[in-house]
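Below is one structure, written out as structure tokens; the observations come after it.
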Amino acid sequence: MAEIELRNVRKQWGAVVGVNDVNLTITDEEFLVLLGPSGCGKTTTMRMIAGLEDPSAGDVVIDGEVVNEVDARDRDVAMVFQSYALYPNMTIYENIRFPLRMRDVPKARHAELVQRAAEMVELGDYLHRKPGALSGGQRQRAALARAIVRQPHVFLMDEPLSNLDAKLRTAMRVQLKHLQRQLKITTVYVTHDQVEAMTLADRIVIMDGGEIQQIGTPDEIYTDPANTFVAGFIGSPPMNLIGGRLEGGSFTAPGIRVDGLGENAGARNAILGVRPEDCHVVGAPAHFNAKIFAIEPMGDQTVVSLSTDGHLVEVRAARDYRAPLDSMAHISFDLDRLYLFDETSGERLR
Amino acid sequence: MTQTAFKAGGAAVVAASPPAGRRVRRSAFQRKLFPYLLVAPAVCYLLMITLYPGVYAIYQSFFFVRFNEWIPAGFDNYVELFQHDEFWGALWNTFVIGGIALTLECVIALALAYYAYRDPLIRGWRIVFLLPMLFMPSAVAFIWKLAFADGRVISDLLMRVGLITENIDFLGVVWNARLTLIVADVWQWTPFLFIIFVAALQAQDKEIEEAARLDGASWSAIFWNISLPLMKPVIAVAVILRGIDITTMFANVFIMTQGTPGGTTETISFFIYRMGFRTFNFGYASAASAVMLILTLIIAQLLLKRFFRSGRA
């Protein structure tokens with residue numbers, strides 16, 4: 001029902017650039033997640049789609065129409081705020097009904113629509129209460145119900161789960177994903193939580209410093225990062241980034257030697273990226289040999305930190321792996337899952 | 001910052017304690033007493049200028065007072081007061097003039113606040129709105145007396161634009177005289193409510209406003225459905241403050257109308273003044289003051305209770 005396009009969109013306040021030249025197409029019914037650290041411009045990007053913020057340059061296009069001059073209230077966009085932004089003076093019923101009243105939906109249908117929206121988010125029993133009398137999770141669902149009640153063109157969510165406790169967050173995540181699939185509404189979702197991004201998104205847009213770093217499906221982002229920022233941002237624990245020297249098809253760094261890498265890249269300083277789960281502890285000297293700095297048992301796995309040349313490399317080991325501190329560990333890498341990045345630009349070397 | 005403040009505080013404590021070696025141990029009672037001693041002078045001063053005259057007036061209201069001669073009267077002053085038409089008339093005048101003025105002030109201030117609060121420049125020129133409040137009440141009264149009666153400025157202006165053909169007698173007609181008092185009060189005190197309402201509107205949650213925009217609400221719909229209901233407690237406090245103030249309206253009456261025509265602009269304050277300082281019936285005036293005090297307290301209490309219960313989320 002709605003396709004959103006951002007063309008060279010830019011937002012700046014005086015000399016401060018919030019969003020720099022963003023180009024992005026969000027296809028119909030897609031669940032798109034804007035992911036990045038705080039201050040990366042993801043919320044500003046979303047607010048420009050909503051019409052709460054005017055772009056300094058570029059066009060926001062919804063369904064082929066440039067909407068830069070269209071007021072927020074006429075864009076048919078619904079938004080769930082981090083603070084939920086429920087109207088404290090109204091009951092939950094009145095809150096959910098508010099968009100219907102404002103958009104001149106015939107009165108006779110209000111009760112039915114509100115009831116249906118409330119049941120979708122399992123809030124049917126709380127309609128007569130005021131927001132102040134609800135828990136965080138219930139308020140969150142009330143905000144959702146208010147957004148879905150009028151079947152908007154576009155759904156915007158600004159860190160809707162970040163005020164919930166961890167357990168509730170996981171539960172609501174599943175609900176959200178299910179709801180979006182059911183309603184088939186184009187959704188833009190802002191978060192700084194990579195787990196939320198990975199689990200919810202059809203595509204993820206990773207932003208940093210007001211610029212898009214990479215756009216791709218969760219799989220692409222994870223297995224094919226475009227630069228060191230993306231590589232280091234996604235994954236828990238994140239990808240290890242090790243600085244060293246690339247020459248004649250072999251990468252060397254203190255304690256590390258890997259052959260058969262980047263033969264076309266020539267001789268240069270480079271960064272080797274390797275995910276903790278692509279490392280394997282072996283008995284005999286291998287690609288990487290270093291002293292054990294710490295061992296963290298997680299239950300389903302053990303995270304081993306190795307100290308090399310002043311910084312730490314994290315490695316995932318079997319859950320029963322134990323070894324004394326400061327003893328040597330030998331690590332072999334999955335050779336087809338190593339990534340090389342340029343040392344200065346951080347861009348991937350292919 | 002905090003560090004420095006802490007150090008400074010520490011130094012003060014050290015300086016206040018006696019020199020090391022002969023440190024005095026204070027009992028728990030003495031230590032508790034100390035803060036009270038610190039505020040005692042201010043409290044004494046306040047008691048002297050507010051509580052003492054108040055209690056004195058209530059005491060006095062049970063006597064017939066002729067200068068130095070105090071004759072015990074029991075409740076006679078009160079009985080007489082409740083049978084006195086002029087007292088009830090003054091009460092009614094205060095209610096009518098004050099009520100209309102207060103309503104107008106609220107409506108105008110709310111309307112101005114609604115148009116002004118989203119203006120980023122408002123912080124800069126807010127002070128302009130405050131100017132009428134900064135004038136002395138008697139000066140304001142004289143200005144409006146000149147405009148309405150002595151200088152006939154208003155009549156003159158209206159004649160020039162052709163709305164009327166002869167001078168309006170502003171002080172000789174009941175509602176005209178009341179109107180002059182209302183206009184003067186509205187002119188001087190609307191800014192007070194305006195400032196409070198603008199502050200309340202600017203303090204409201206921006207995300208709620210944005211959510212309402214995205215829900216399709218116009219600015220006026222946001223105001224009526226969300227801002228105004230949420231402002232109820234603020235409005236209640238402002239109205240109570242202003243309401244208490246308006247029941248004691250005196251300067252304007254004294255300077256502009258003196259209660260004329262026929263006592264129809266005589267407010268309760270002016271009535272009390274007249275009883276006390278024109279007929280020198282001090283006990284009687286004190287009784288009227290006591291009744292007003294009780295009435296004001298009851299009404300304010302009722303309003304507060306009502307608004308704060310419904311304002312709770």
Side-chain angles (χ1 to χ4, degrees), chain A residues 43 46-47 49-53 70-92 94-105 129-134 139 142-160 163, chain B residues 106 110-111 113-115 117-124 196-240 303-313:
Chain A
T43 297
M46 166 181 278
R47 288 170 61 85
I49 298 173
L52 297 172
E53 213 77 68
V70 179
D71 196 280
R73 63 186 287 237
D74 300 320
R75 289 193 190 184
D76 199 15
V77 159
M79 186 156 165
V80 178
F81 291 81
Q82 186 177 359
S83 67
Y84 315 138
L86 294 170
Y87 314 125
N89 55 311
M90 301 182 198
T91 61
I92 296 304
E94 286 299 325
N95 262 284
I96 301 175
R97 184 175 157 229
F98 189 72
L100 302 177
R101 271 171 59 209
M102 291 302 121
R103 293 193 186 271
D104 296 326
V105 174
R129 296 215 196 159
K130 289 204 171 168
L134 296 189
R139 278 184 227 180
L144 257 180
R146 187 178 66 185
I148 61 180
V149 70
R150 63 186 162 89
Q151 299 274 336
H153 259 64
V154 179
F155 231 178
L156 304 177
M157 304 195 191
D158 186 4
E159 313 221 3
N163 284 356
Chain B
C106 262
L110 268 175
Y114 164 68
Y115 284 108
Y117 85 97
R118 274 175 278 126
D119 192 324
L121 291 174
I122 192 74
R123 275 167 222 275
I196 292 177
F197 295 159
V198 165
L201 283 169
Q202 284 179 338
Q204 84 185 358
D205 190 343
K206 289 285 168 295
E207 283 205 339
I208 286 183
E209 240 171 54
E210 289 174 349
R213 286 300 284 166
L214 289 172
D215 280 346
S218 62
W219 286 112
S220 65
I222 294 175
F223 181 75
W224 288 110
N225 288 292
I226 298 161
S227 306
L228 199 59
L230 289 179
M231 275 173 76
K232 259 193 210 166
V234 175
I235 296 176
V237 169
V239 164
I240 287 165
L303 281 176
L304 271 177
K305 252 191 177 165
R306 198 188 131 71
F307 275 99
F308 278 90
R309 189 170 302 149
S310 58
R312 215 170 280 160

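Note that these values count all heavy atoms, side chains included, but never hydrogens, waters or copies made by symmetry. By convention in this document, chain letters (A, B, ...) are assigned in the order of the sequence lines, proteins followed by strands, and residues within each chain are numbered from 1. Given the structure is predicted, the values throughout are model-derived calculations rather than measurements.
Side-chain contact between B:E210 and A:M79 is absent, with no heavy atoms from C-beta onward closer than 4.5 Å. Put simply, the side chain of A:F81 reaches to within 4.5 Å of the side chain of B:L214, judged on heavy atoms. Within the 4.5 Å cutoff, the side chain of B:N225 has heavy atoms near those of the A:F98 side chain.
Listed here is the closest heavy atom pair of A:M102 and B:A221: SD-CB, 3.6 Å. The minimum heavy-atom distance between B:L230 and A:P88, with the atom names listed, is CD2-CG, 3.6 Å.
To the nearest 0.5 Å, atoms CE (B:M231) and CG (A:N89) are separated by 12.5 Å. From A:R101, atom CZ reaches atom CG of B:D215 across 11.0 Å, with rounding to the nearest 0.5 Å.
Neither the backbone nor the side chain of A:L156 comes within contact range of chain B, judged by heavy atoms closer than 4.5 Å. A:D71 touches chain B through its side chain: at least one heavy atom from C-beta onward sits under 4.5 Å away, while N, CA, C and O do not. For A:A50, the parts lying under 4.5 angstrom from a heavy atom of chain B are both the backbone and the side chain. Only the side chain of A:R150 has a heavy atom closer than 4.5 Å to any heavy atom of chain B.
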